[in-house]
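For reference, the structure is listed below as structure tokens.
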Amino acid sequence: MHIPDNFLDPKTALVTSALAAGAVGLALHRAQRDLPPARVPLLGLGAAFIFAAQMINFPVVAGTSGHLVGGVLVASLLGPAAAVVVMTAVLVVQCFLFADGGVTALGANILNMGVVGAVGGWCAAQAVVRLVPGMAGRVAAVAFGGWFSMVLAAAACACELAASGTVRLSLALPALTGIHALIGLGEGLISALVFSTVARLRPELLSHAAPVSRSGRARDLWTWGLTVSFALAVLLAPWASSWPDGLEKVAEHLGFADRATAHLPAPMPDYSVPGMSHTVLTVALAGVTGTLVVLVLALLLGRWLVRPASGLHAGQPAPQRRTP
Amino acid sequence: MRPRLPLYPDHCHPPRHTAVHRWPAEWKLAGAALVLVGIALQPGFSPFWFLPLWAGLIALGRAAGVPFTLVLRRILWLSPLIAGVALAGAWQPAGGPGWQVLTMKSITSLWTVILMAHTTPFPEVLRVLRRLRVPHLLITTLALMHRYLFVLTQEAERMQRARAARTFQPRATRLWRLQASVVARLFIRASERATRIYQAMLARGWS
């Protein structure tokens, strides 16, 4: 999903770079404040870990293979601010050393995968943690967050490409989010498997992830939730006025659409698809259904991975009791 | 298991024997940035801009001793992405720049970045970033990441080879759990290493 050079126009590149710089600045500030000095090297090692983990192949059907992206995994292991710093480092090194992702699109890539993807996925995971307590809930949260992060990052990427005029939104958004809704299943599964293994082997490593106090955790969630919402709102802003909405449809039926258009200059030439609002409704319904199905799958996965004393690890105490 | 991206040892220690490698990193980074922005601002194919640029890039690659095949291999490795979006761009209604122009601009940009990456050592890039007053936490993270990138990648390869030597080729579902445990153990090793590094940094007066 790394956007190469020249796929974004200067305006989009500037806006996304400014958003990414703000979010990374916020993350660095919070990491500096909250992270004990003993854990500063863990950021660099975490970034190297993510890079190495991305090279480990997971076989999918017919000879293809997928790999971890790891934003939500690292956010669950180290915390959201650390995750933004880690993903930024990974993307900068991929861009400068391996030419993976353009230099002018670096801000957009950091925004998509490091901020909107990782932190948005982490916020979704926190919601699942509140819903289902215990270790099974945390594993399910990582699985759902991993899937959600891929879909969010793909949607942000599609918006940026479309705002630059590279691809039409009506083509890019369904294609990118559709493909990544499938890829995200793998991402969620790998993240959950890795998270549950770390929880089983070294449960004390997980206790560093979040601030200890309840209010600190809630404040973290609010800050990052608002940051991601703001970034998404800015990315979606160019489309808010060009999507024909219900009102426009009604106006057309009642016959005063031609009067209204004089006052509302559309930023894009009108591409009116018959039954557009119906399509949007169907897509929205499908999206909600898909999200619920993935949530249920994630919860089942959490229950399955955190069985008390399965045959494989007989004799070990169940991790559920070790890390409440 | 083959790594997803081909890693070359010269990423770790680029040869420093040509004049191009010894140029100040500031010049190279600024020059590359100028070229990239210049390419991005071109509305279409203008031979007055692209032909001298290509000539310059070829001359620079010659002077720096970067084999043309290496650049070509890296471009081919990264091109499926460009091809995908270019294909989608081919459906675009007329008006914007055509996908041929887009592909050519992207490949020229890739070429520039690959040449820059192979002639500028990463510590030099970090020095420039420090001069630009990038927050030190990010620079420390980048420096540590670059130092341990290849260490951890090789560690992951060793773990996978050891796993393959000890087990039969399992079914896919089992393989996923095994690979995930390799990733999990890699994280555990990385965090243990981070603790040791912190102690070593303290012993050397880091604050």
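Heavy-atom basis, side chains included; hydrogens, waters and symmetry copies ignored. Letters go in sequence order (proteins before strands), and every chain restarts at 1.
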Looking at every non-hydrogen atom in both residues, tell me the closest pair between [X] and [Y] and how far apart they are.
X: B:Ala190; Y: A:Leu42; value: O-CD1, 4.5 Å
X: A:Gly44; Y: B:Leu144; value: CA-CB, 3.8 Å
X: B:Ala156; Y: A:Ile56; value: CB-CD1, 4.1 Å
X: B:Ala194; Y: A:Pro41; value: O-CB, 3.8 Å

By a 4.5 Å heavy-atom criterion (distance strictly below it), what part of [X] contacts chain B: side chain, backbone, both, or neither?
X: A:Leu8; value: neither
X: A:Leu305; value: side chain
X: A:Val92; value: side chain
X: A:Pro10; value: side chain
X: A:Val90; value: both

Might you confirm whether atom CZ of A:Arg33 has over 12 heavy atoms from other residues, nucleotides or ligands at distances under 6.0 Å? yes

To the nearest 0.5 Å, what is the distance between [atom1] ([X]) and [atom2] ([Y])?
X: A:Arg202; Y: B:Arg189; atom1: CZ; atom2: CZ; result: 12.0 Å
X: B:Leu186; Y: A:Ile50; atom1: CG; atom2: CD1; result: 9.5 Å
X: A:Phe49; Y: B:Met145; atom1: CZ; atom2: CE; result: 12.0 Å
X: A:Arg39; Y: B:Thr195; atom1: CZ; atom2: OG1; result: 8.5 Å
X: A:Leu201; Y: B:Ile188; atom1: CG; atom2: CD1; result: 4.5 Å
X: A:Leu97; Y: B:Leu149; atom1: CG; atom2: CG; result: 7.5 Å

Give, as side chain, backbone, both or neither, the part of B:Arg185 having an atom under 4.5 angstrom from any heavy atom of chain A. side chain

By a 4.5 Å heavy-atom criterion (distance strictly below it), what part of B:Leu41 contacts chain A: side chain, backbone, both, or neither?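 The answer is the side chain of B:Leu41.
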
[X] side chain near [Y] side chain, heavy-atom distance below 4.5 Å:
X: B:Phe187; Y: A:Val194; answer: no
X: B:Val113; Y: A:Asp5; answer: yes
X: A:Leu189; Y: B:Trp176; answer: yes
X: A:Val85; Y: B:Leu138; answer: yes
X: A:Gln32; Y: B:His136; answer: yes
X: B:Tyr198; Y: A:Pro37; answer: yes
X: B:Val183; Y: A:Phe58; answer: yes
X: B:Leu137; Y: A:Val40; answer: yes

Donor-acceptor side-chain pairing of A:His67 and B:Gln179 below 3.5 angstrom: no

Looking only at the side chains, is there a donor atom on one of B:Ser109 and A:Asn6 sitting less than 3.5 Å from an acceptor on the other? yes

Heavy-atom pair count under 4.5 Å with chain B, highest-scoring of A:Ala89, A:Ala52, A:Ala38: A:Ala38

Please determine, among A:Leu193, A:Thr197, A:Ile190, A:Leu68, the option with the most heavy-atom pairs under 4.5 Å with chain B. A:Leu193

Tell me, with the steps shown, if B:Ile114 and A:Phe98 meet side-chain contact (heavy atoms from CB on, under 4.5 Å). CA-CA 7 Å; B:Ile114 290 166; A:Phe98 300 98; over 6 Å; no

If you count heavy-atom pairs within less than 4.5 Å of chain A, which of B:Ala180, B:Ala40, B:Ala32 leads? B:Ala180

